[in-house]
Amino acid sequence: MTKKPNELGIIEAARALRARECTVRELWDACVTAAKEKNLELNAYLEIFEADDAAIAAAQERIDREGDAAPLLSGIPLAIKDNILIEGKIASAASKMLENYRATYDATVITKLKEAGALFVGRANMDEFAMGSSTEHSAFGSTKNPHDPERVPGGSSGGSAAAVAAHLCIAALGTDTGGSIRQPAALCGLVGVKPTYGAVSRSGAIAMGSSLDQIGPLTKSVEDAKVLFDTIRGIDPMDATTIPDGLYPSKEVSEKLVIGVPRHLLTEGVQEDVRAAFDETLKKLESEGHTLVDIELPTSGHALAAYYVLMPAEVSTNLARLDGVRYGHASRGDTLLEDYLLSRTEGFGEETRRRILLGTFVLSSGYIDAYYRKADAARGVLRREYDDAFEKVDVIAFPTTLSPAFKFGEKSDPISMYLEDIFTVTANLTGMPALSVPMGTVERDGRALPIGIHFTAPHQAEEILFNVASAVEKAG
Ligand code: GLN
């Protein structure tokens, strides 16, 4: 059966456009029609944009004129997480605080995508300010998982993931501070990449934890992820933390990879069938000539605690400007203090307020040594441990999540929600690139739910990640 245009991936759609099997307009219409129809149920988009006729015409003309020389993203409709700025469009970070905020400039990634001729279907739903693992913390209602609407799509880039998985666009951008691209990718059956810290400009991404945040792709295939990553990456004068190519020594790797497996991390919490799928996937890789090596990452057990100290500290700092005076939802009381209190209490949701309080606490003078500085030291140790491990192995593997998608409300206790991030946060703390690629499905309530396998590579070694992920994809 041939696929409908909106069901294609980037490479497939680019080929179809060049073969004149469909036009840019038809591809756009297919995505937007599906989006309008399915969004009523899924709530993947906070807004579906009007067609940009000029951009559609320009993309078509470029493909007609340049053929294979035109960028692969020409005419490709994408979903953009609602914390990435597109000039003239609202960017609310799914918060009441920024409900009416209209971006005055393009994020650097958007500039690059526009140059490549990409089209934007709409703003994708997310957890407020990217804080969460389920998209239940959006101020505008949660997003449903297309594989089972009673379950979460993961988060915080849940809208982006659901939009791609339900074919309401061809691919999407998300942001990842502690797992928010990789975890929803795993729970929706997609490929999700958190690039090396500094590989992709953060200019125009609404900051959550500035030392952890990266923008990255959510796609239907590994090849698509590579196309999107190659388009948005690169040093940027607008973001001083972006890094030039070759900043980190590149590693010689052969086609057959050495895969490190920290089995000691898998003992608790990983559901039986997820673990079985993980073992099965590794076995397939081994049978294709890759080598498995047991490794120890002793400090990993503290990564989540360190993350949940450092991240709120940065959140409390980044969100301080949203006070109803300089930016954001404004409410007036009798005094200036009341203005702040009212604006921030009304503008921020519960989880956001929790993290601001936690972050302010760990940075306060009596506690900064006990909490923030300790967590920062742990971050350094984790990075050294990973660096040491990469002396012996090319990539490190574990399951992306402990379980498949969970049901709405199942993790209403914040700690149980935070535990979702146990495997993903370390890559953000160390700044290393990491990716999730589907490793089949497990059954819950009679439905097949996707799960993912997670790989971490040394800084700037995204290429190795794409190689190992392609091997998983091919092994099916
Ligand atoms: N789930 C994590 C958190 O809530 C990660 C969020 C993210 O990556 N943006 O902090």
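Counting starts at 1 for both ligands and their atoms, following the listed order. What you are looking at is a predicted structure, and each value in this text was computed from that prediction instead of being measured.
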Ring-face cation contact, Phe348 with Lys96, 6.0 Å cut, 45° max:
no
Between Tyr101 and Lys89, is there a cation-pi geometry (under 6.0 Å to ring centre, at most 45° from the normal)?
no
Within 4.0 Å of some non-hydrogen atom of Met311, the atoms of ligand 1 are 10 (O)
Protein residue, atom and distance nearest to atom 7 (C) of ligand 1, heavy-atom basis
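Result: Ser180 OG, 2.4 Å.
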Closest protein heavy atom to atom 2 (C) of ligand 1, given as residue, atom name and distance to 0.1 Å
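So the nearest neighbour among protein heavy atoms is Asp421 OD2, 3.0 Å.
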Any N/O pair [X]/ligand 1 closer than 3.5 Å:
X: Gly132; value: yes
X: Met208; value: no
X: Gly178; value: yes
X: Lys81; value: no
X: Thr175; value: no

Test Asn125 against every option in Asp82, Thr135, Thr143 by the side chain to side chain donor-acceptor pair (under 3.5 Å) rule and name the one that passes.
Thr143
Should the heavy atoms of other residues, nucleotides or ligands under 6.0 Å from NZ of Lys411 be counted, would the total exceed 12?
yes
